[in-house]
Amino acid sequence: MKERIEKVVGNKANQVWAGTFHSTFAKILRVEAEKIGYPSNFTIYDTDDTKNLIKAVIKDMNLSKETYNTNAIYSRISSAKSSLVTPKLYPQVQELMLQDRANRRPYIHEIYSKYTARCKKAGAMDFDDLLFQLYYLLHLNPDNVLDKYRKKFKYVLVDEFQDTNYLQYAILKKLTKYEGSKQNLCVVGDDAQSIYAFRGATVDNILNLSTDYPSLKTFKLEQNYRSTEHIVQAANAIILFNKKQIQKKIWSDKGKGHKIKVIKCAADTEEGKRVADAIIEQKTRLHISNSDIAILYRTNSQSRIFEEYLRRFNINYKVFGGTSFYQRKEIKDLLGYLRLTINHQDEEALKRVINYPKRALGKTTVDKIAALAASTGLTMWDCLTQVEVPARTKDLLKKFKLLIENFAQRSATVDAYELATYVARQSGLINRLKADTTIEGLGRLENVTSLLDGIKEFVENDEVIEGAIESDRGIATYLQNIALHTNMDEEEEGNYVTLMSTHSAKGLEFKSVFVVGLEESLFPSFMSMGTQAGLEEERRLFYVAITRAEELLTLSFATSRYRHGKTNYPDPSRFLAEIPAIHLETTYNNAPQAANIAPRARVSGVKRVRKQAILKIDTANFRASPASEIKEGMKVLHKKFGEGKVVKIDGARDKIATIHFHQIDNSERRLSLKFAKLQILE
DNA sequence: TGACTGTGGGTTTTT
DNA sequence: CCCACAGTCA
């Protein structure tokens, strides 16, 4: 998105804040947190941290973990927050209390309340807090912070508006709807593509818009510029099966195009092979390249089979989403140390690293600390030296505390990369990993190394973000970035087939799309098939999936599938039967006919916007020159942007150089000389 | 304290 | 099938 903006307005794009709701608000909170009683270096709890903390609270309250299922409680708390129900308010909302009582879980409000207190004590916000706390910041309006952001964001644009929830909309209203506001709000959305109801998104936000903004102007975008007619019409036909929808007729003038192909397979493994076969065929007969192809599936675990065959066929691919890099144990361990270093109160981080690598501080000791913390109201960190334990353990605890304090001291003087490297070594993590010489062990060590590389890259990114409140390269900002990292961030230059979940594919497009695993219970998922609303959301998801295709759409299903240790024999998805036969190349019940794709029919289309090429620069011979020697008119070399000419230098103390880089995209970039590593060429 | 073993349960999508 | 967790024993 930022790259597209830059193409239109040039370098000024730097001044635009563009990001997810979560990342944008986290950026604000990083500056304003202290106004609402959080430290500015607050931790962001991810789903694992959140669930672990909920588990701990349930245990502390001596409630049965069968009745109080962690996932159920989490979603209860999350939706309460997303509807602006505070822990205090919760017991007063009859509807919620009645539901809880009906489910025999009357103590949810207490868990919610204790959970919230623990987060606050730990200086931590969960994903929902980034919205919730921001709302309260604007609502309580200390130091007239509301005015500051209203002035700052004179124009607000929201994409994929159908996926916003009540709370996000409430925040938007705070920012754009007030006495004297120009109400410069522009939203783009499609109710047919609403696929996040499970996390609180509501189409009501679209419907309420004209009430909240009476001068609203609506523009219907009914022309599809992406796909050919068979695909568009099939999509139209499918969405008609939903009762709840805003009427519209999408059309395309890109010609009939290819019909939709359906592949029937005897087994999930065969599906992998047949899809790989079809990809080879498209590549050779239609000259489609890897980067024009995507395989979309309902669940991330389906990727494995396709990976296997793509590898076997030597087709380059990249899997997005799933268990992300940042969720791997070894990565979370190192991040845990870093989190604890910048925020000692972070309980989840402390529990994670206190005995890893082994320091003889096991369950008994940790339980004692946790109990003391619960009874005194102190944080676990403070209890490290207070808890009553044998003298030997006392020493070990002291040593651990000193270790972390040493990291913290060091963080004041070195950059994030040096700190992380130091922590990785001094904590014993590296040695522990090195001791494991299995293939997996080597992989884990490699992961840690590439995490360190990532931090290095982050530190060396010296471009000035204008209009940003801070352009911070500290470890706190780094941790925030990765906590809110989306899998779009992983997109990189290269000619690979894309493998991702249908959810992740929203907003993207490919010449050729394979939607796989079209079986009852899988797509639609058995989790949502039961209710009309659930089923309609699955159908919208299918709608999203097939409308990613520009020219070629292939659907596949298997009649037997191995899942959770058992072989299942699913029926084909009902969605297949909802596609009018006229758009299908073959009826999937019959044996496949010979493909009627005209040979050498070259596929055309707009090239997808890709990340700009990264210059290959000989980093081995790169030697940064001292900032003080950089003068206007000099020719300099930058590790990422290549050669450039210093156009001008502004500022007295914090000097900012405007440099014209001709190798990368012929643009001017403003770099802070405080951070910039430039080598003087002449 | 920590390694080891067996049991049992869940099982989707994402910030 | 895979993971988490409880219980056992040195």
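Residue numbers start from 1 in every chain, and the chains themselves are labelled A, B, ... in the order their sequence lines are given, proteins ahead of strands. Atoms considered below: every heavy atom in the structure, side chains included; atoms not considered: hydrogens, waters and symmetry mates.
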Quiz prompt | Sole residue of Arg339(A), Arg352(A), Arg118(A), Lys55(A) in salt bridge (Lys or Arg N to Asp or Glu O under 4.0 Å) with Asp49(A) | solution = Arg339(A)

Quiz item: Mapping Arg304(A) and Lys363(A) to their closest nucleotides on DNA chain C, which lands nearer the 5' end?
Solution: Arg304(A)

Quiz item: Is any N or O donor-acceptor pair between the side chain of Arg199(A) and the base of dT15(B) shorter than 3.5 Å?
Solution: no

Distance, rounded to the nearest Å, where [X] contributes [atom1] and [N] contributes [atom2]:
| X | N | atom1 | atom2 | result |
| --- | --- | --- | --- | --- |
| Leu131(A) | dT14(B) | CG | C1' | 13 Å |
| Asn568(A) | dT11(B) | CG | P | 16 Å |
| Tyr326(A) | dT14(B) | OH | P | 17 Å |
| Leu541(A) | dT12(B) | CG | C1' | 10 Å |
| Gln327(A) | dT15(B) | CD | C1' | 11 Å |
| Asp49(A) | dT14(B) | CG | P | 18 Å |
| His503(A) | dT12(B) | NE2 | C1' | 8 Å |
| Tyr356(A) | dA3(B) | OH | C1' | 15 Å |

Quiz item: If you find the nucleotide of DNA chain B closest to Ser525(A) and the one closest to Ser23(A), which residue's nucleotide is nearer the 5' end?
Solution: Ser525(A)

Quiz item: Given that Phe198(A) and Leu361(A) both sit by DNA chain B, which one's nearest nucleotide is further toward the 5' end?
Solution: Leu361(A)

Exercise. Name the orientation class of the two ring planes belonging to His503(A) and Tyr196(A) (parallel below 30°, tilted from 30 to 60°, perpendicular beyond 60°).
Key: tilted

With a 4.0 Å limit, can you tell me whether [X] has a side-chain N or O closer than that to the phosphate oxygens OP1/OP2 of [N]?
| X | N | answer |
| --- | --- | --- |
| Asn69(A) | dG9(B) | no |
| Ser501(A) | dT14(B) | yes |
| Asn165(A) | dT15(B) | no |
| Asn71(A) | dG10(B) | no |

Self-check item: Integer angstrom distance from the P of dA4(C) to that of dT13(B)
Solution: 16 Å

Practice problem: Would you please determine if the base of dT11(B) is stacked by Phe526(A), with stacking meaning a centroid separation under 5.5 angstrom and planes under 30 degrees? | Solution: no

Scan [X] against the nucleic acid and name what it touches under 4.0 Å (heavy atoms): base, sugar-phosphate only, or nothing.
| X | value |
| --- | --- |
| Thr20(A) | sugar-phosphate |
| Lys55(A) | sugar-phosphate |
| Tyr196(A) | sugar-phosphate |
| Asp128(A) | nothing |
| Asn355(A) | sugar-phosphate |
| Thr47(A) | base |

Practice problem: Establish, for the pair Arg312(A) and Tyr309(A), whether the NZ or CZ atom is under 6.0 angstrom from the six-membered ring centre and no further than 45 degrees off its axis. | Solution: yes

Exercise. Look at the side chain of Tyr74(A) and decide which nucleotide, out of dT15(B), dT13(B), dA4(C), has an atom nearest to it.
Key: dT15(B)

Practice problem: Return the nearest nucleotide to the side chain of Glu538(A); candidates are dT12(B), dA3(B), dT14(B). | Solution: dT12(B)

Quiz prompt | Carboxylate-amine/guanidinium contact Asp100(A) Arg76(A), below 4.0 Å | solution = yes

Quiz item: Do Arg574(A) and Glu520(A) meet the salt-bridge criterion of a basic N to acidic O distance under 4.0 Å?
Solution: yes

Exercise. Mark yes when over 12 heavy atoms from residues, nucleotides or ligands other than Arg311(A) sit less than 6.0 Å from its CZ; otherwise mark no.
Key: yes

